[in-house]
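To start, the structure itself, in structure tokens.
Not measured: the values here are computed from a predicted model. Just so we're on the same page: letters track the sequence lines, and every chain starts at 1.
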Protein chains: 2
Amino acid sequence: MSKRVSLKDIAENVGVSIALVSYVMNGQEKQKRVGADVVERIREVARELNYKPNQIAQSLRTGSTKTIGLIVGDISNPFFGNIARVIEDEAIKHGYTVIFGSADEDLHKSASLVETLINRQVDGFIIAPAEGTSLQIKALQEKKTPLVLIDRYFDEVPTNYVVLNNFDASYDAITHLIGNGYRRIGMIAYQSTLIHMQERIRGYKEAMSDNNLKNAIRIEEVRYDYINSDMEKAMHKLMDGKNKIDALFFATNALTISGLYLIKKLNLKIPEDLAIIGFDGNAAFDFFSTPLSYIEQPIEEMGVEAVRVLVEQIDGSDEIANIQLRHTLIKRGSSL
Amino acid sequence: MSKRVSLKDIAENVGVSIALVSYVMNGQEKQKRVGADVVERIREVARELNYKPNQIAQSLRTGSTKTIGLIVGDISNPFFGNIARVIEDEAIKHGYTVIFGSADEDLHKSASLVETLINRQVDGFIIAPAEGTSLQIKALQEKKTPLVLIDRYFDEVPTNYVVLNNFDASYDAITHLIGNGYRRIGMIAYQSTLIHMQERIRGYKEAMSDNNLKNAIRIEEVRYDYINSDMEKAMHKLMDGKNKIDALFFATNALTISGLYLIKKLNLKIPEDLAIIGFDGNAAFDFFSTPLSYIEQPIEEMGVEAVRVLVEQIDGSDEIANIQLRHTLIKRGSSL
DNA sequence: TTTGTTTGTTTAAACGTTTAAGCATATTTT
DNA sequence: AAAATATGCTTAAACGTTTAAACAAACAAA
């Protein structure tokens with residue numbers, strides 16, 4: 001890579017000190033009263049040599065990298081890909097760039113990513129925390145690192161967060177199913193202590209209880225790393241035997257997709273054999289034999305708010321923002 | 001954000017010079033013959049204070065940021081999301097982190113991203129170049145910036161690239177359709193001069209010509225920014241009237257999805273009314289009324305190779321690598 | 001004429017590293 | 001005992017910025 005042009009090069013070329021060049025490049029020629037002719041010449045030479053400031057040097061000197069560290073579960077997961085895109089755009093609007101990492105819902109990968117990003121001196125973090133990372137998050141918080149959690153948070157660690165109101169979303173979905181006459185409603189969730197999952201489960205349970213269906217509650221949990229095999233077992237548990245369910249609620253997009261493959265394989269009629277509500281919109285939902293009802297998250301808003309709150313924190317605010325956003329229940333054939 | 005621990009802090013604490021601390025932190029205590037007891041104490045204090053090297057300072061001093069700039073069309077597009085994931089993992093393996101940006105296939109966004117990343121002193125670029133960016137790419141190339149293009153490249157600018165053998169892929173898909181008895185085969189592509197699109201088109205044309213179907217060639221082009229409305233017009237052109245097609249080949253994943261929405265709306269029977277081959281696998285393809293045949297790209301390999309070649313370039317190689325990867329044609333109901 | 005102010009510029013330190021060079025002191029070789 | 005070498009450490013410069021402080025020259029006010 002050929003040598004980059006520095007302030008020094010311009011200074012030597014014009015025959016002035018580095019300071020003057022710096023002033024001019026930063027538009028401070030008025031306050032620092034640089035001579036008009038010198039301003040002119042510096043500008044000219046800078047253009048000629050195609051000067052680009054070295055952000056690394058700037059960062060070292062100013063202590064700010066104008067960089068946001070984004071840690072999600074997996075950037076190739078549509079939910080995270082979409083939110084990453086929103087965050088990217090918002091970050092740029094605020095003058096930041098983003099460095100991202102996928103933690104695969106893994107404690108150690110997450111720790112390693114946090115360390116890498118800290119070493120790179122990011123100005124702040126946006127994190128969808130993996131299970132068991134509450135200590136990592138707490139440590140960041142204690143070092144007063146600007147931080148916003150998305151999608152999930154920890155009750156025991158007070159931090160900024162921007163999440164879906166998962167309880168409401170679940171409650172709404174289940175109430176809708178009950179309203180349409182379904183009674184034996186099951187749910188398939190990830191095996192996880194993370195709050196977004198627990199809240200989605202709580203919403204399901206409470207909606208069932210509030211409708212005198214407490215006895216009909218049937219939850220199956222699936223491990224993140226064995227989603228397809230566990231899904232098969234779960235479905236069989238719920239669908240086999242005389243007590244089989246008549247409606248099924250999936251707790252995430254990936255779970256929904258995985259479940260749909262099975263449902264297709266089992267040749268179930270939707271919603272006659274089984275009504276379904278999934279999570280997060282998706283072209284796949286639209287093309288399924290019966291278009292799927294689902295809970296839509298306000299991804300755009302989530303990303304926008306996350307960046308807004310983070311930038312406020314970076315700028316010195318110490319108010320904690322806890323933001324819960326509202327879902328939209330998209331009702332279609334699969335839950336009629 | 002609380003002040004970070006530096007080499008100086010450790011040095012003062014132990015009562016030695018900064019240089020010694022640096023040597024120990026870099027594992028050079030043998031070559032630089034640091035006293036065994038001092039090594040011990042430095043290690044201890046570093047652990048106690050939880051020292052983390054400031055990568056910004058390291059970068060400034062060493063001239064290497066260990067950072068890769070990744071520019072794609074749109075990170076929320078599954079193809080790019082998936083390849084970004086692979087690139088991320090590979091980069092980490094090589095000791096790099098990635099800064100990404102979505103250029104939205106836009107010349108100016110691309111220019112602005114390149115500038116931002118240059119200012120951030122990335123060690124090299126992986127770029128899926130947007131239409132009309134050949135001058136940007138050429139400029140990078142001339143400054144000897146390590147660079148690998150993916151998905152597309154420019155014939156007129158010799159660079160490293162890792163792409164699909166798009167001609168072969170298209171040719172194979174069309175040959176397969178012809179083999180199954182289809183003759184009036186249409187194609188819907190993006191309006192673009194980019195090589196990947198041109199090659200896909202060329203593959204289609206040549207397969208048609210080679211089978212004496214030159215007269216049956218029907219290509220409709222769709223604008224990236226008006227995909228859905230243009231798609232509607234294109235479909236009508238191809239499907240209305242007496243000369244209507246009996247098979248359709250889509251040139252990208254997004255085009256396929258957009259087309260499928262219309263096909264569903266028009267209630268066409270697949271493959272009876274229209275056979276279809278799409279691009280890039282997708283859950284949506286699996287759930288469509290008839291499972292879709294499609295061209296699968298070796299995304300994993302593409303990402304792995306791109307990073308490998310880039311790191312070689314960063315390490316000083318000046319061999320130009322032009323890598324064309326082979327597709328897999330997934331044959332299913334939609335093209336029977 | 002002296003003093004004070006304005007204008008335009010330079011100097012130098014700092015950010016946190018890395019690393020070549022220098023410098024004592026101790027140890028080995030003659 | 002002198003010379004040579006080895007050992008263990010410090011000094012200082014450099015990377016490219018930003019910016020407070022110093023300074024000189026020109027001009028204005030007393």
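Minimum atom distance to the side chain of A:K32 is reached by D:dA20, of the listed D:dA20, C:dC15, C:dT19. Of the candidate nucleotides C:dT9, C:dT17, D:dT18, C:dT17 has the atom nearest to the side chain of B:A57.
Counting to the nearest Å, the P atom of D:dG16 and the CD atom of A:Q55 are 15 Å from each other. Between A:L7 atom CG and D:dT19 atom P the separation is 12 Å, expressed in whole Å. B:K52 has its NZ atom 17 Å from the C1' atom of C:dT17, to the nearest Å. Spacing between atom CG of B:L49 and atom P of C:dG16 amounts to 14 Å, rounded to whole angstrom units. Between the P atom of C:dT6 and the NZ atom of A:K30 lies a distance of 18 Å, rounded to the nearest Å. Rounded to whole Å, the distance from CD on B:Q58 to C1' on C:dT17 is 7 Å. Summarising the geometry, the separation between CZ on A:R61 and P on D:dA14 is reported as 19 Å, rounded to the nearest angstrom. Going from atom CG of A:L60 over to atom P of C:dA14 covers 13 Å, rounded to whole Å.
Among the heavy atoms of the strands lying under 4.0 Å from B:S22 is at least one base atom, whether or not backbone atoms are also near.
B:V163 places none of its side-chain heavy atoms less than 4.5 Å from the side chain of B:I323.
Salt bridge status for B:D74 with B:K109: absent, with no side-chain N to carboxylate O gap under 4.0 Å. Remark: B:E105 engages B:R152 in a salt bridge, criterion side-chain N to carboxylate O under 4.0 Å.
Between A:Y23 and C:dT10 there is no side-chain N or O to OP1 or OP2 distance below 4.0 Å. The side chain of A:N26 places an N or O atom within less than 4.0 Å of a non-bridging phosphate oxygen (OP1 or OP2) of D:dT18.
Remark on DNA chain D: of its neighbouring residues A:I56 and B:V34, the 5'-side contact belongs to B:V34, judged by nearest-heavy-atom nucleotide. Heavy-atom distances to DNA chain D give each of B:A36 and A:R4 a nearest nucleotide, and the one nearer the 5′ end belongs to B:A36.
No side-chain donor from either of A:T67 and A:D123 sits under 3.5 Å from a side-chain acceptor of the other. With hydrogens and angles left out, the side-chain atoms of A:T193 and A:E131 include a donor and acceptor closer than 3.5 Å.
Of all the residues in residues 8-21 of chain B, B:I18, B:A19 reach under 4.0 Å from DNA chain C with at least one non-hydrogen atom.
In the displayed structure, B:Q324 atom CD is contacted under 6.0 Å by more than 12 heavy atoms of other residues, nucleotides or ligands.
Between atom CD of residue B:E90 and atom CZ of residue B:R85 there is a gap of 11.0 Å, rounded to the nearest 0.5 Å.
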